[in-house]
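See structure below.
In what follows, chains carry the letters A, B, and so on, assigned in the order in which the sequence lines appear, proteins first and then strands, with residues in each chain numbered from 1.
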Amino acid sequence: MTKHFPVSLKQQQRQKDLDRSISSHPFQRSGSQTLPQTMDDEELVAAQELPQQQPHHPRVIIHIDMDYYYAQVEEVLDPSLKDKPVGIKQRFHVVTSNYVAREFGIKKMTLITEARKLCPELVLVDGEDISKYKQMSARINEIMHKFSGNVEKLGLDENYLDVTKEISEQLEQGVEGGLLERVEGYVYPPLEGGCSQREAFRRACGCGCDRRLILGSHMAKEIRDCIARELGLKCCAGVAHNKLLAKLVGSVNKQNKQTVLLPNCGSSFLASLGSVKALTGIGEKTAEILEEVGVKTVRDLQETSVEKLAKRLGLEQAGRLKEIAFGKDDAPVKATGKPKSVGLEDSCPAISIRADAEDKFRHLIVRLVKNIAEDGRIPIAIKVTIRKHDSVRRTSHRECKQDKIMPSFFRHKDGKLVLADGAQDKILAIVMKLFERMVDLQQPFNITLLGLSFFKFQERRMGTKSIANFLIKKSDIEVQSITNLSNESITLSDSFTSNKSSLSMSTAMDCDSASLASLSGSESDAEPSPKKCRRLATFLARKSGLLSANEDDSSSPSKLRVADLRLNSKEYDQEPCK
DNA sequence: CCGGGTACCT
DNA sequence: AGGTACC
């Protein structure tokens, strides 16, 4: 998949030279300098293959990060908190604190007892219920969507925006001259005098990103101002030509500030961060593995050969890490859609009898259905997660099992999803069945966490009967498999719009029909359903515009059903999936 | 080191 | 399908 990760030693050396010249005197390298000024950090490799290719930094990415999010929301809700030290409490920890509290040394994950010692007058707000923060997050999101259609959510308080299109539209329509001369907010690395900010950007890279990024800084400011005006919330922004750099550069200047990265400074900037753990995409485990091969800092990573890394990490990941270390990141901003799964987990001291588990699960089902009520979509699969007591391993060694659930378990009541009569027990029965597949009730057991999640959602459709309900009522195994297939296919055709090729689409469909066939044909199977699934897949593929209408086969016994489907599936076409 | 979510690997 | 890593 990845095109070119190898970075030769020679290239690395050039890289370092380039970096040094930038970090020591960013803007004194005109005239006598031989370094190609339009040459980008991460594009040295590509540029060698495609000499003089234009788009070095084609995108403008803004990363917005809310300041001390939970605590700030509490301040907005109760302004009297503003000048007091505030901590948000979840279980035994302060999960966020405002800056007043941070003065006392109270940071993320400080134990409550610890925090009280550090600051007796600390105002602790219960943050177990995160619905307030979710709601505010949704408002923030609305605002961002005024500026770009391409907004990717990372948790409740962070968002990426790809504003490339918006910026180029601005440039086409022509912007007020003064706007381009001055950056909004901070620049990394800090510019020393000698030339205008505009000139500094132009010298750093000639691909045209100078104007784009400067305009990007103005747009970031507008977004932040809008959020402050409408919601009273402060945030930071990072502006750069990719996600990795935008996110990281945004935290260079904290507390209601923003920073734009000077093009060409990616790898020196990343090196300045020190530990590899600072890099997005490198977490605890990866950092551990890297340390085993003597790689602790970003600089180490930049200087270590892919070959050496690949021995422990595999070529794929090694290549990716190398690129990341130099600030190369092609990852697109992916507009966040509706969630693909919604779940709940409760950790508990110990559950060792079936009835207790059953009680917990019943409770979880009720809460979970409330959580998806607004959404309105019907889940057709459920997953049960447990954690067995284990004194050795600290975190997550969870087990899970999943199964289908019937759409008829749900119905809509004034626009919201609710459980149908008796459905709670039916779901509970499925849950307990899955639970017993993981836990042997004969043996003593000790469960420390129970979780449930719904996934594979059907889009809510008008009319009283959805396709699935209609088909499932026939409760015929073959039809059921069709129902399933249609769900799968719809998911796939949705994702097709973003980045799937039609080839992988049809491959995925083949897989689906095969696996479904094996599922439904488990008992007596006189009639091999694969063919039918295939046919339906073809139909759905055509509907999604992947196949031409000529390849029709109307001689099927399931013609009627397909026709029904076609009728019902009109609603799918309303979806903006083209 | 809570907890809900996603993505990727096998 | 299940596990692991990450945010």
Side-chain angles (χ1 to χ4, degrees), chain A residues 1-2 63 65-66 69-70 87-96 107-112 114 126-131 133-134 137 152-160 243-244 247-248 251 276-290 313-318 320-321 324 331-349 364 367-368 371-372 375 381-388 390 393-404 434 437-438 448-457 491 495 498-499 511-512 515-516 518-519:
Chain A
M1 283 303 232
T2 331
H63 177 262
D65 190 346
M66 305 309 296
Y69 186 55
Y70 290 3
I88 305 300
K89 176 179 74 116
Q90 274 176 359
R91 291 287 162 97
F92 310 114
H93 298 272
V94 173
V95 290
T96 335
K107 359 184 251 277
K108 229 184 209 182
M109 298 316 283
T110 304
L111 284 165
I112 300 286
E114 194 74 22
D126 188 315
E128 304 285 346
D129 179 9
I130 61 167
S131 50
Y133 315 132
K134 274 188 180 167
S137 182
E152 179 179 340
K153 194 157 97 162
L154 283 104
L156 297 182
D157 65 335
E158 284 182 46
N159 284 280
Y160 286 111
K243 285 166 78 172
L244 176 76
K247 177 175 163 94
L248 293 172
S251 40
V276 289
K277 272 208 291 205
L279 301 181
T280 317
I282 299 185
E284 203 74 41
K285 293 288 172 189
T286 314
E288 258 173 48
I289 296 172
L290 286 173
L313 295 151
L315 195 59
E316 189 99 3
Q317 213 200 353
R320 224 197 69 245
L321 293 188
I324 282 176
V333 174
K334 291 180 76 184
T336 306
K338 299 251 186 101
K340 298 191 176 75
S341 75
V342 176
L344 280 177
E345 285 178 348
D346 261 7
S347 48
C348 44
L364 283 173
R367 280 167 59 200
L368 201 46
N371 286 356
I372 60 168
D375 188 307
I382 192 168
K383 179 165 76 170
V384 177
T385 307
I386 62 165
R387 184 178 62 200
K388 291 176 173 159
D390 187 330
R393 288 178 285 187
R394 307 143 51 202
T395 48
S396 66
H397 61 295
R398 302 146 123 88
E399 291 172 51
C400 59
K401 293 265 185 262
Q402 54 186 265
D403 200 356
K404 295 183 292 160
L434 295 172
R437 268 166 59 191
M438 295 183 279
T448 60
L449 176 142
L450 297 179
L452 273 190
S453 74
F454 287 133
F455 60 107
K456 289 197 189 175
F457 291 99
T491 311
S495 61
S498 47
N499 54 11
C511 281
D512 264 18
S515 67
L516 281 162
S518 67
L519 228 168

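- Taking atom CD1 on A/I386 and atom C1' on C/dG2, their separation rounds to 13 Å, with Å as the unit.
- Between the CG atom of A/L290 and the C1' atom of C/dC6 there is a distance of 14 Å, given to the nearest Å.
- Using a 4.0 Å heavy-atom cutoff across all strands shown, A/G451 reaches no nucleic acid atom at all.
- Remark: the backbone N or O of A/S341 is not paired with any side-chain donor or acceptor of A/S453 at under 3.5 angstrom.
- With A/Y69 as the fixed residue, the side-chain contact (heavy atoms from CB on, under 4.5 Å) test singles out one of A/T96, A/I88, A/V95, A/L156: A/L156.
- Residue A/T280 has no polar side-chain atom (N or O) positioned under 4.0 Å from OP1 or OP2 of C/dC6.
- The side-chain contact (heavy atoms from CB on, under 4.5 Å) test with A/L452 singles out one residue from A/L434, A/V342, A/T385, A/V384, and that residue is A/V384.
- Heavy atoms of A/E284 sit under 4.0 angstrom from primed sugar atoms or phosphate atoms, though from no base atom.
- In this structure, A/I282 atom CD1 and B/dC8 atom C1' are separated by 16 Å, rounded to whole Å.
- The separation between A/R387 atom CZ and C/dG2 atom P is 19 Å, rounded to whole Å.
- With A/K388 contributing its side chain and A/M438 its backbone, the two residues share a donor-acceptor pair below 3.5 Å.
- With rounding to the nearest 0.5 angstrom, the CD atom of A/Q317 is 6.5 Å from the CD1 atom of A/I289.
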Just the atom pairs and distances: protein N or O near nucleotides 4-6 of chain B's N or O, under 3.5 Å.
residue: B/dG4; atom: OP1; partner: A/E345; partner atom: N; Å: 3.4
residue: B/dG4; atom: OP1; partner: A/E345; partner atom: O; Å: 3.4
residue: B/dG4; atom: OP2; partner: A/E345; partner atom: N; Å: 2.7
residue: B/dG4; atom: OP2; partner: A/E345; partner atom: O; Å: 3.4
residue: B/dG5; atom: OP2; partner: A/G343; partner atom: N; Å: 2.3
residue: B/dG5; atom: OP2; partner: A/G343; partner atom: O; Å: 2.7
residue: B/dT6; atom: OP1; partner: A/K340; partner atom: N; Å: 2.7
residue: B/dT6; atom: OP2; partner: A/S341; partner atom: N; Å: 3.3
residue: B/dT6; atom: OP2; partner: A/S341; partner atom: OG; Å: 2.9

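- Atom pair A/Y160:OH and B/dA7:C1' shows a separation of 14 Å (rounding to whole Å applied).
- A/L344 approaches A/L368 most closely through the heavy-atom pair CD1-N, 3.7 Å.
- Counting only heavy atoms from C-beta on, A/C400 has its side chain closest to C/dG3 among B/dC2, C/dG3, B/dC9.
- At C/dT4, none of the side-chain N or O atoms of A/K285 fall inside 4.0 Å of OP1 or OP2 (strictly under the cut-off).
- As a whole-Å value, the separation of A/K107 NZ from B/dC2 P is 18 Å.
- Between A/K243 and A/E152 there is a salt bridge, since a side-chain N of the basic residue sits under 4.0 Å from a carboxylate O of the acidic one.
- Using a 4.0 Å heavy-atom criterion, one finds that A/Q402 contacts the sugar-phosphate atoms exclusively.
- Rounded to whole Å, the distance from CG on A/L321 to C1' on C/dC6 is 13 Å.
- Note: CG (A/L434) to P (C/dA1) measures 10 Å, nearest angstrom.
- Among C/dC7, C/dG2, B/dC9, the nucleotide with an atom closest to any side-chain atom of A/E316 is B/dC9.
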